[in-house]
**Q** 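Here's a structure for you.
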Amino acid sequence: MQKALVSIAIAASLGLGATAAQAATLDDVKAKGYIQCGVTGGVPGFSAPDANNNWSGLEVDFCRAVAAAIFDDAEAVRYTPLTSQERFAALSAGEIDILSRTTTWTMSRDTDLGIMFAGTMYYDGQGFMVRKADGIASALDLSGAAICIESGTTTELNAADYFETNGMDYQPVVFTDQDEVVKAFEDGRCDVYTTDSSALAAERSKFGNPDDYAILPEIISKEPLGPSVRQGDEQWFYINRWTYYALLEAEELGVTSANVDEMLGSDNPAIKRLLGVEGDFGTPIGLTADWAYRIIKHVGNYGESYAKHVGPETDIGLERGLNALWTDGGLQYSMPIR
């Protein structure tokens, strides 16, 4: 009996320790007064700095949204540019609080690296970019081509699978940094540049003569890009997951940064719950009742962020496609806040 009681006491103490650990990230973030967000070295529309080192983009807006939910201040974020090789180690080591860096959600990453994905900010797929002057119309015409690829990415594996499946040879020209890949393609060291199609569009927008380049029609993979956090901290995971859903729910309900104050008086029960007028969905995850109101007020909804950073009216010019709301034939779908 005494041994059993000791075992129960040890188990209870371990349980308390686990609970304390789960709350650590939010406590630490509040203590330092900002979120440390891991981003790319600079992919326009997703995460990129301007001349004054002010960061913006769809993935940057996710970190800003989490900061708004916690601090009522979307600017309470600091940014750490990371290469593909550095990103997961930085997250696991606690050097960053959130990784929001054009990262594909895969099974091995979700189960082997000690991280969890909060959602899919952009449904993407891998493509190929070529010079129009080369007259290449299809990825099936790329046999024997020299292809610029960033190492340590799903891009490498997808390219290998695609060429093997189609019985074609290719010459991989591999670099450890995305900027090196782009420069090598521009300098003519390879015939083709392959990565996520959204990144191809983003990089092409920076070229001196964007119209000289074509993105081939084939999409050879599924690349769900989303933010991730460390495993073992359920509270921090829930904050990030439901921040993602709040961005979508706001768009579904027509709540924007421009009308959110007016919407506080809405008779719609779903809007009342979203904005904290009715019920309290913030306290269970360590936030205030108006956590989603703060997000929308400071950052806007998902559609606003998409249109601002990567939409058809931007230089990148990406249609919503799979990233449209489910009601418009897309895949973006919020779980109910209720």
Side-chain angles (χ1 to χ4, degrees), residues 37-65 74-75 77-84 86-87 96 98-104 120-132 148-150 153-155 175-187 190 192-216 219 223-227 247 299-300 302-324 332:
C37 181
V39 291
T40 68
V43 174
F46 289 85
S47 56
D50 63 15
N52 297 315
N53 203 38
N54 296 312
W55 288 80
S56 65
L58 186 67
E59 293 176 320
V60 165
D61 269 3
F62 179 79
C63 289
R64 296 179 67 246
E75 305 310 312
V77 186
R78 296 184 184 178
Y79 301 96
T80 302
L82 297 166
T83 66
S84 295
E86 296 168 337
R87 55 185 165 174
I96 55 175
I98 304 170
L99 177 64
S100 189
R101 184 209 176 281
T102 55
T103 298
T104 301
T120 302
M121 285 295 287
Y122 190 88
Y123 288 95
D124 208 349
Q126 186 171 328
F128 299 93
M129 183 158 60
V130 297
R131 299 171 188 83
K132 287 183 179 179
C148 282
I149 303 175
E150 184 181 5
T153 63
T154 54
T155 303
F175 299 90
T176 59
D177 181 78
Q178 182 73 2
D179 290 339
E180 293 177 338
V181 177
V182 176
K183 187 176 187 307
F185 177 62
E186 284 192 280
D187 291 346
C190 50
V192 185
Y193 168 29
T194 185
T195 189
D196 298 341
S197 58
S198 64
L200 293 177
E203 295 295 350
R204 183 174 62 176
S205 73
K206 297 191 298 184
F207 290 168
N209 298 296
D211 291 338
D212 290 347
Y213 301 87
I215 298 174
L216 300 179
I219 299 296
E223 305 295 329
L225 308 178
L247 292 167
V299 181
Y302 178 85
E304 289 182 89
S305 184
Y306 190 102
K308 177 180 179 181
H309 298 298
V310 299
E313 301 304 315
T314 67
D315 289 340
I316 300 170
L318 298 174
E319 298 291 342
R320 286 291 290 266
L322 295 178
N323 294 289
Q332 293 291 8

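Quick note: residue numbers are just sequence positions, from 1. Scope of the values below: all heavy atoms of this structure, side chains included, with no hydrogens, waters or symmetry mates.
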**Q** Drop me the distance from Ile149's CD1 to Gln178's CD, to the nearest 0.5 angstrom.
**A** 11.5 Å
**Q** For a quick test of reading the model, state the closest non-hydrogen atom pair linking Pro227 to Met121 and the distance between them.
**A** CD-CG, 3.8 Å
**Q** Testing the basics here: between Ala201 and Ile316, what is the closest heavy-atom pair and its distance to 0.1 Å?
**A** CB-CG2, 3.9 Å
**Q** Answer whether the closest heavy-atom distance between the side chains of Thr40 and Phe46 falls below 4.5 Å.
**A** no
**Q** So which heavy atom on Gly303 is nearest to which on Arg320, and how close?
**A** CA-NH1, 3.6 Å
**Q** As an exercise, state the distance from CD of Glu180 to OG1 of Thr83, rounded to the nearest 0.5 Å.
**A** 10.0 Å
**Q** Identify all side-chain donor-acceptor contacts of residues 51-65 below 3.5 Å with residues at least two apart in sequence or on another chain.
**A**
unit_1 : atom_1 : unit_2 : atom_2 : d
Glu59  : OE1    : Thr102 : N      : 2.9
Glu59  : OE2    : Thr102 : N      : 2.6
Asp61  : OD1    : Arg64  : NH1    : 3.1
Asp61  : OD2    : Ser305 : OG     : 2.6
Asp61  : OD2    : His309 : NE2    : 3.0
Arg64  : NH2    : Glu75  : OE2    : 2.9

**Q** How about Asp196 and Leu225: do any of their side-chain heavy atoms sit closer than 4.5 Å?
**A** yes
**Q** Taking only residues at least two apart or on different chains, which pairs with a member in residues 120-132 satisfy side-chain hydrogen bond (donor to acceptor under 3.5 Å, both in side chains)?
**A** Asp124-Ser197, Asp124-Ser198, Gln126-Asn158, Gln126-Thr194
**Q** Identify the two heavy atoms, one from Pro49 and one from Gly41, that lie closest to each other, and give their separation to 0.1 Å.
**A** CD-O, 4.2 Å
**Q** Do Ile96 and Leu82 come within less than 4.5 Å of each other through their side chains, counting heavy atoms only?
**A** yes
**Q** Rounded to the nearest 0.5 Å, how far does CD of Glu150 lie from OH of Tyr193?
**A** 7.5 Å
**Q** Can you name the closest pair of heavy atoms from Gly42 and Pro44 and give their distance?
**A** O-CD, 3.8 Å
**Q** Roughly how far apart are Lys308 NZ and Thr314 OG1, rounded to 0.5 Å?
**A** 12.0 Å
**Q** Tell me whether Arg101 contacts the main-chain N or O of Arg87 through its side chain, where contact means a donor paired with an acceptor under 3.5 Å.
**A** no
**Q** Please find the pair of heavy atoms, one from Leu200 and one from Gly127, that lie closest to each other, and give the distance.
**A** CD1-C, 3.5 Å
**Q** When rounded to the nearest 0.5 angstrom, what is the spacing between OG1 in Thr80 and CG in Leu99?
**A** 10.5 Å
**Q** Taking distance alone, no hydrogens or angles, what donor-acceptor pairs closer than 3.5 Å link side-chain atoms of residues 204-213 to residues at least two apart or in another chain?
**A**
unit_1 : atom_1 : unit_2 : atom_2 : d
Arg204 : NH1    : Tyr213 : O      : 3.3
Ser205 : OG     : Ala202 : O      : 2.5
Lys206 : NZ     : Glu203 : OE1    : 3.1

